[in-house]
There are 2 protein chains.
Amino acid sequence: MNVEQAAKQLEALGNTTRLQVYRTLVRAGEAGLPVGQIQERLGIPPSTLSHHLQRLLLTGLVTQERQATTLICRASYPAMNGLIGYLADECCADAGCGTRAENAA
Amino acid sequence: MNVEQAAKQLEALGNTTRLQVYRTLVRAGEAGLPVGQIQERLGIPPSTLSHHLQRLLLTGLVTQERQATTLICRASYPAMNGLIGYLADECCADAGCGTRAENAA
DNA sequence: GCAGTATTTCCAGGCTTATCGAATTATGCC
DNA sequence: GGCATAATTCGATAAGCCTGGAAATACTGC
């Protein structure tokens, strides 16, 4: 994970609407959620949602799988863990801040 | 930590330049770093850097302390931990992805 | 193939951001 | 007060983002 990629992912999550979309997908768990359901739950117009989903897909934070006419969206846990890990490493590499102290021990 | 605040912080870090600034400050540790030194290390024009620092200050990710004519900047570990915690919780709340499994146990 | 549903792409307007040179403010020193 | 250094604010430009209605595309089932 380099700086630019991390920045891209952070930027993707750095928008209230997209963060809500992502949060919704995370809470949906492994089953994922069709685009239409996200749209319905958050009350976002389809085209707007589609743009945001593109952004999340592009950065790898979300994956999609077609099931008949609907597209199932899922939060990518590996991507999220990669990002959290990057932040935690940057934060704790040279300073004792405790966040990942358990892992280090 | 609500969605909008988290999004603001993520957006603040979601820019290559600002992430580099933040990274530099984290690596500087408790001692912090004067604005001028950041500027010198990263080769950013003063005014540009100042704007980015304002953004990081505004979201609470960075703090400043005056020492004579120089301003010492420091990464705020509590803020960072809050953000990482928010992401980790969102990620792991309803799904087993392992990142904070140690804490839960 | 046609009808119907799900989703995306096209297009456009308004808004915010990123950048940085020049001028200004803040602070210390003599 | 006057000078020097540190950093910010001003001003302006170019670029990219967010939004959402309308049209187009994907896919299924009959």
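As a basis for the values below, the full set of heavy atoms in this structure was taken, side chains included, without hydrogen atoms, waters or symmetry mates. The chains referred to below are lettered A, B, ... by the order of the sequence lines, with proteins before strands, and numbering in each begins at 1. From a predicted model like this one, the values you see are computed outputs, not experimental measurements.
Looking at residues two or more places apart in sequence or on another chain, you find a side-chain hydrogen bond (donor to acceptor under 3.5 Å, both in side chains) between A:His52 and A:Arg18. Evaluation of the side chain to side chain contact (heavy atoms under 4.5 Å, CB included) rule for A:Ser76 yields A:Thr63, A:Pro78, A:Ala79 as partners, not counting sequence neighbours. Judged as a side chain to side chain contact (heavy atoms under 4.5 Å, CB included), and not counting sequence neighbours, B:Glu40 has no contacts. Shown here are the side chain to side chain contact (heavy atoms under 4.5 Å, CB included) partners of B:Gln39, two or more places apart in sequence or in another chain: B:Pro46, B:Leu49. The side chain to side chain contact (heavy atoms under 4.5 Å, CB included) search around B:Gln64 returns B:Val35, B:Leu53, B:Leu57, B:Leu71, B:Cys73, not counting sequence neighbours. A search for side-chain hydrogen bond (donor to acceptor under 3.5 Å, both in side chains) contacts involving B:Gln67 returns nothing, not counting sequence neighbours. Residues that satisfy the side-chain hydrogen bond (donor to acceptor under 3.5 Å, both in side chains) test with B:Gln20, not counting sequence neighbours, are absent from this structure.
Interface residues of residues 45-64 of chain A facing DNA chain D, ordered by number: A:Pro45, A:Ser47, A:Thr48, A:His51, A:His52, A:Arg55; criterion, heavy-atom separation under 4.0 Å. The stretch residues 2-19 of chain A touches DNA chain D through A:Asn15, A:Thr17, A:Arg18, each having a heavy atom within less than 4.0 Å of the strand.
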(message) I'd like to compare against my own output: the B/S/- annotation of nucleotides 23-30 of chain C with a strict under-4.0 Å heavy-atom distance to protein.
(response) ---SBS--
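Clustering ILVMFWY residues whenever any of their side-chain heavy atoms sit less than 4.5 angstrom apart, transitively, puts B:Ile84 in the very cluster that holds A:Met1.
Nearest heavy atoms, B:Tyr77 versus B:Gly29: OH-CA, 3.5 Å. Contact detail for A:Ala28 and A:Leu33: the closest heavy-atom pair is CB-CD1, 4.1 Å.
Rounding to the nearest 0.5 angstrom, the gap separating the CG atom in A:Leu83 from the CG atom in A:Leu10 is 4.5 Å.
First and last contacting nucleotides of DNA chain D toward chain B (any atom under 4.0 angstrom from a heavy atom, 5' to 3' order): D:dA6 to D:dG11.
Direction change of the helix axis from one end of the helix from C:dG1-D:dC30 to C:dC30-D:dG1 to the other is 30°, with five pairs defining each end axis (rounded to 10°).
Judged by distance alone, with hydrogens and angles left aside, the side-chain atoms of A:Glu65 form no donor-acceptor pair with the main-chain N or O of A:Ile72 at under 3.5 Å. Remark: the backbone N or O of A:Glu30 is paired with a side-chain donor or acceptor of A:Arg74 at under 3.5 angstrom.
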